Number of protein chains: 2
Amino acid sequence: MNMIDTQTGKETSATRTAYLSVRNMILTGELPAGQKIKIEHLRGKLDMGASPVREALSLLTSDMLVERIDQRGFRAAAASPENFAEILKLRCALEDMALRQSIALATPDWEEKLVLAHHHMTRATGTAQFEEAHKTFHKTLLSNAASPMMERYCDQLYDLNIRYRNLAASEPNYQSRDIPAEHKDIFDAAIARDADAASAALLSHYRLTGEYLALQLTGL
Amino acid sequence: MNMIDTQTGKETSATRTAYLSVRNMILTGELPAGQKIKIEHLRGKLDMGASPVREALSLLTSDMLVERIDQRGFRAAAASPENFAEILKLRCALEDMALRQSIALATPDWEEKLVLAHHHMTRATGTAQFEEAHKTFHKTLLSNAASPMMERYCDQLYDLNIRYRNLAASEPNYQSRDIPAEHKDIFDAAIARDADAASAALLSHYRLTGEYLALQLTGL
DNA sequence: GTGTCAATAAATATCGATATTTTGGAGAGC
DNA sequence: GCTCTCCAAAATATCGATATTTATTGACAC
């Protein structure tokens, strides 16, 4: 006679729901960069009280996706070509360090994870599925660095980069690039424990994408 | 008939008060690393409702001073020798980059700020006053890099480092070091726009302090 | 026209109360 | 003696209402 709730599930809190929703709205551009975020509006849209919304927005501050101004509420983080350039530069510097550490500490276990992550990426079907696998692949590359803070920074920067890709609007059209080959190069070098080659391939991968996106961001 | 409040002042919000208080408690070790933070306890101590306390804790998450576990509240960020080593490494990498950029973009205005910041540090009297001036000096060094995110990271890492200095408990006793001379070296090289020398001096300054602190942290 | 100021409207910040969830422990069963 | 289950007690999470603060508007003087 106990009442295990409807459909078991419900493994979540209102704050978490709000956090994920708003995060997604900002990453996709549904909440435009720099725009004021009205608590009342979100509260209605998400059907919850103001407290979890405020808390979610406060947490999003960590991810540099939301700015908070005392007594004046929240707004979606501004976006600009300069900001994008900075993200790219920081990513290159931090991921270079992290990847080299990962390789220096390479273990069979890490290599196996990497093999799987790469394989999943090549087999992904839909766009969403590929995005997921792509993120996992890049995270796995750095996951052996034994450096949680650095991984956190890299994670943040990855998401900020995704945001700009979405803000660039037009469907990505990667001219003459062979993206799978670029990934394969990074992957092969990492597995071969060739840190210099792996880092070079990774940074080139980022910089090519960066240059391409930067061109489309002149309107910001 | 109107009630302009007592003593005009009151330039602050409850959330901000809570943020600064808790931040200070964690930096000084009054809230020990890893310890659970009870909202009710703080609410009483700071004499305010639970909402601003929660919001302050959520914001402190950005600074990596507080960890949040869904449905299970907040705790002061853990501390460990490994974490300290990571902070040191990241600081060295990021500040090296930032300082070089600052110097590359050097202007008379920046140099003047730097001269003043260094002067204030040499003239500071109390410990608190010196700490303040010291922080300002280091921030000023990087302030010309035109890279807000990098500066934010460096700020964070600076505070995390201060925390470990406080956690190391015993009064700092910098053996045979001449701290003012170390600062002077950094300062002179920066003013001379010698990026290599400035960076070398800065990193040496950090690493010496780091080694010294690391010895005292074995108990963590 | 243009700028200032007060009144109003809107939004944020905060409180106090309540609903949920987790934690700790006391017995029941093995 | 050791788990496991189930029940308080404690703490967190969330709501709805209210107090404050900021933004807007329009009248009025210059």
Side-chain angles (χ1 to χ4, degrees), chain A residues 1-23 25-26 31-32 34-62 65-78, chain B residues 1-23 25-26 31-32 34-62 65-78:
Chain A
M1 69 304 248
N2 68 44
M3 68 305 262
I4 293 173
D5 66 6
T6 51
Q7 269 90 2
T8 38
K10 189 53 168 34
E11 196 66 58
T12 188
S13 69
T15 297
R16 182 152 192 79
T17 304
Y19 175 82
L20 294 174
S21 298
V22 177
R23 173 197 183 77
M25 290 186 217
I26 295 179
L31 275 177
Q35 184 169 95
K36 185 159 192 357
I37 297 177
K38 286 186 196 146
I39 308 280
E40 192 56 21
H41 176 235
L42 280 180
R43 193 211 61 70
K45 198 160 181 168
L46 300 173
D47 189 38
M48 58 178 65
S51 311
V53 174
R54 285 188 72 82
E55 188 151 337
L57 290 173
S58 295
L59 290 171
L60 281 164
T61 275
S62 309
L65 289 173
V66 164
E67 290 165 8
R68 196 194 113 100
I69 309 168
D70 220 44
Q71 229 80 0
R72 212 158 300 183
F74 301 85
R75 58 181 48 231
Chain B
M1 55 312 261
N2 67 46
M3 66 307 258
I4 293 173
D5 65 4
T6 52
Q7 268 90 6
T8 39
K10 187 53 165 40
E11 196 66 57
T12 187
S13 70
T15 298
R16 182 150 194 82
T17 304
Y19 175 83
L20 294 173
S21 297
V22 177
R23 174 196 181 80
M25 290 186 216
I26 295 178
L31 275 177
Q35 184 169 94
K36 186 163 192 353
I37 296 176
K38 286 187 194 143
I39 307 279
E40 193 56 23
H41 176 235
L42 280 180
R43 193 211 61 71
K45 198 159 182 167
L46 299 174
D47 188 39
M48 58 178 65
S51 310
V53 174
R54 285 187 72 82
E55 188 151 338
L57 290 171
S58 295
L59 290 171
L60 281 164
T61 275
S62 308
L65 289 172
V66 164
E67 289 165 8
R68 194 193 116 99
I69 310 168
D70 219 44
Q71 229 81 0
R72 211 157 300 182
F74 300 86
R75 57 181 50 231

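Just so we're clear, the structure is a prediction, and the values are computed from it rather than from any experiment.
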TODO: Pick base, sugar-phosphate or nothing for B:L57, based on heavy-atom distances below 4.0 Å to the nucleic acid.
DONE: nothing

Task: Electrostatic pair B:D70:B:R68 at N-O distance under 4.0 angstrom - done: yes

For the side chain of [X], counting heavy atoms from C-beta on, which of [options] is nearest?
X	options	answer
A:T15	D:dT14, D:dT22, C:dT14	D:dT14
A:R54	C:dT14, C:dC15, D:dA13	C:dT14
A:F74	C:dT22, C:dC15, C:dA13	C:dA13

Task: Exam field: side chain A:R43 to backbone A:G49, donor-acceptor pair closer than 3.5 Å - done: no

Open item on the list: Determine whether a donor-acceptor pair (N or O, by modelled atom type, separation under 3.5 Å) exists between the side chain of B:R75 and the backbone of B:G34.
Closed with: yes

Whole Å only: how far is the [atom1] atom of [X] from the [atom2] atom of [N]?
X	N	atom1	atom2	result
A:E55	C:dA13	CD	C1'	14 Å
A:R68	C:dA11	CZ	C1'	14 Å
B:Q71	C:dA19	CD	C1'	12 Å
B:D47	C:dG16	CG	C1'	14 Å
B:L42	D:dA11	CG	C1'	13 Å
A:D70	C:dA11	CG	P	19 Å
B:R43	D:dA10	CZ	C1'	15 Å
A:E40	C:dA11	CD	P	8 Å

Task: Upstream residue (5' side of DNA chain D) when A:A14 and B:K38 are each assigned their closest nucleotide - done: B:K38

Task: Nearest-nucleotide 5' precedence on DNA chain D, B:I39 against A:R72 - done: B:I39

Task: D:dT21 OP1/OP2 closer than 4.0 Å to side-chain N/O of B:S13 - done: no

Open item on the list: If you compare every side-chain N and O of A:K36 against the phosphate oxygens of C:dT12 (OP1, OP2), does one of them come in below 4.0 Å?
Closed with: yes

- [ ] Let me see the working for B:S58 and A:S58 under side-chain hydrogen bond (donor to acceptor under 3.5 Å, both in side chains), right down to the final yes or no.
- [x] CA-CA 6 Å; B:S58 295; A:S58 295; 5.3 Å; no

Open item on the list: To the closest 0.5 Å, what do you measure between CD (B:E67) and OG1 (B:T61)?
Closed with: 8.5 Å

